[in-house]
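All remarks here apply to the structure that follows.
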Amino acid sequence: MRRIWLFSAIVALLLSVGLIAAACGDDDDDDATTEEVPTLTLTGGGTTLTPDAGAVAILTDNGVELAPVDPATPDDAGGITFPITGGEVEAESLAGTIDHSGGIVFSAGGTSLEATDFVIDTAAGTLTATAGEDQVVLLDVDLSALQRTDTDEGIELTGITTTLAADGADALNATFDVDIFEAGIPIGVVEILATA
């Protein structure tokens, strides 16, 4: 009888030690998973796209005109600025999304393609737009040479270049019934000034 009692006591002791160890492990896991990455909620500012001369030449040679969609506005240097309406990015890496209002309309004759409500995904390196009823990845965004400057006006991001994405090329070719637009065509330089 004493052996049975001793065996039961040993089993109980081992179980309690195992439970304590498991509980300690769970605490560590909880600490790791609940650690939040600081983020910035964007409240305003603007993103300016200055078109590449080669892209402008392709459009001009084929009778396609480019114009801003309100509230986007042109600037004196030939760029178009799109107001930032929101989004959220990580404070250090800047991975996240930047939302905009306004857009661009491509037109030739009586045909047009309006691309609005741009969303830049800095993690994926894409610029998505609403084109008609579709969400289209219009541009690929290269952030490899990104430079960040924190100023009194906000967070300034430069060194960003863009190229036409495959979906964007398909949308333009289908709209104007041509085959001149290809993925990878340089579109222009982007500068972002965001407030948070």
Completion exercise
Sorted by chain and number, sequence neighbours left out, side-chain contact (heavy atoms from CB on, under 4.5 Å) with E153 holds for T151, L193
Practice task
Decide yes or no for I192 and I160: does some side-chain heavy atom of the first lie under 4.5 Å from some side-chain heavy atom of the second?
Solution key: yes
Exercise for the section: Specify the closest pair of heavy atoms between D99 and G87, including all atoms of both residues, with the distance to one decimal. Expected result: OD2-N, 3.6 Å
Handout entry: Heavy-atom check, side chain of T158 versus side chain of L146, under 4.5 Å
Key = no
Practice task
Only pairs at least two apart or in different chains count here, so list each side-chain hydrogen bond (donor to acceptor under 3.5 Å, both in side chains) that has a residue in residues 186-196.
Solution key: T43-T195
Handout entry: Over 12 non-hydrogen atoms of neighbours within 6.0 angstrom of CG in D177
Key = no
Handout entry: Under 4.5 Å side-chain linkage, directly or through intermediates, the cluster mates of V105
Key = V69
Exercise for the section: Give every residue pair that meets the ring pair (Phe, Tyr, Trp, His ring centres under 6.0 Å) criterion with at least one member in residues 139-186, sequence neighbours excluded. Expected result: none
Problem - Under 3.5 Å side-chain donor-acceptor pair for T47 and H100 - result: yes
Exercise for the section: Output every pair passing side-chain hydrogen bond (donor to acceptor under 3.5 Å, both in side chains) with a member in residues 124-149, not counting sequence neighbours, ordered by first then second residue. Expected result: T130-Q135, D142-S144, R148-D150
Practice task
Could you tell me which residues satisfy side-chain contact (heavy atoms from CB on, under 4.5 Å) with A196, sequence neighbours excluded, listed by chain and number?
Solution key: L40, L42
Exercise for the section: Could you pull out all residues at least two apart from T162 that satisfy side chain to side chain donor-acceptor pair (under 3.5 Å)? Expected result: none
Practice task
Please check if V190 and L66 belong to a single hydrophobic cluster, counting links between Ile, Leu, Val, Met, Phe, Trp and Tyr side chain heavy atoms closer than 4.5 Å.
Solution key: yes
Name each donor-acceptor pair under 3.5 Å that joins a side chain in residues 53-60 to protein atoms two or more places apart or in another chain, with its distance.
from : atom 1 : to  : atom 2 : distance (Å)
T60  : OG1    : V56 : O      : 2.9

Practice task
Taking all non-hydrogen atoms of both residues into account, name the closest pair between I180 and I185 and its distance.
Solution key: O-CD1, 4.0 Å
Practice task
Working to the nearest 0.5 Å, report the span between CG of L139 and CD1 of I187.
Solution key: 6.0 Å
Practice task
For the residue pair L172 and D170, establish whether any side-chain heavy-atom pair is separated by less than 4.5 Å.
Solution key: no
Only distances under 3.5 Å count here; give the side-chain donor-acceptor pairs of residues 111-121 to other protein atoms, sequence neighbours excluded, each with its distance to 0.1 Å.
from : atom 1 : to   : atom 2 : distance (Å)
D121 : OD1    : A123 : N      : 3.0
D121 : OD1    : A124 : N      : 2.9

Practice task
Indicate yes or no: at least one non-hydrogen side-chain atom of V178 is less than 4.5 angstrom from one of N62.
Solution key: no
Problem - All side-chain contact (heavy atoms from CB on, under 4.5 Å) counterparts of E90, not counting sequence neighbours - result: V37, S93, A95
Problem - Residues that A166 engages under side-chain contact (heavy atoms from CB on, under 4.5 Å), provided they are two or more places apart - result: A183
Completion exercise
Heavy atoms of A131 and V136 approach each other most closely as CB-CG2, 4.1 Å
Exercise for the section: Flag the pair L127 / L138 as yes when at least one side-chain heavy-atom distance between them is below 4.5 Å, and no otherwise. Expected result: yes
Completion exercise
In this structure, OG1 of T161 is separated from CG of D52 (nearest 0.5 Å) by 10.0 Å
Side-chain polar contacts of residues 73-84 - donor-acceptor pairs under 3.5 angstrom, sequence neighbours left out - could you list them?
from : atom 1 : to  : atom 2 : distance (Å)
D75  : OD1    : A77 : N      : 3.0
D75  : OD1    : G78 : N      : 3.1
D75  : OD1    : G79 : N      : 2.6
T81  : OG1    : T48 : OG1    : 2.7

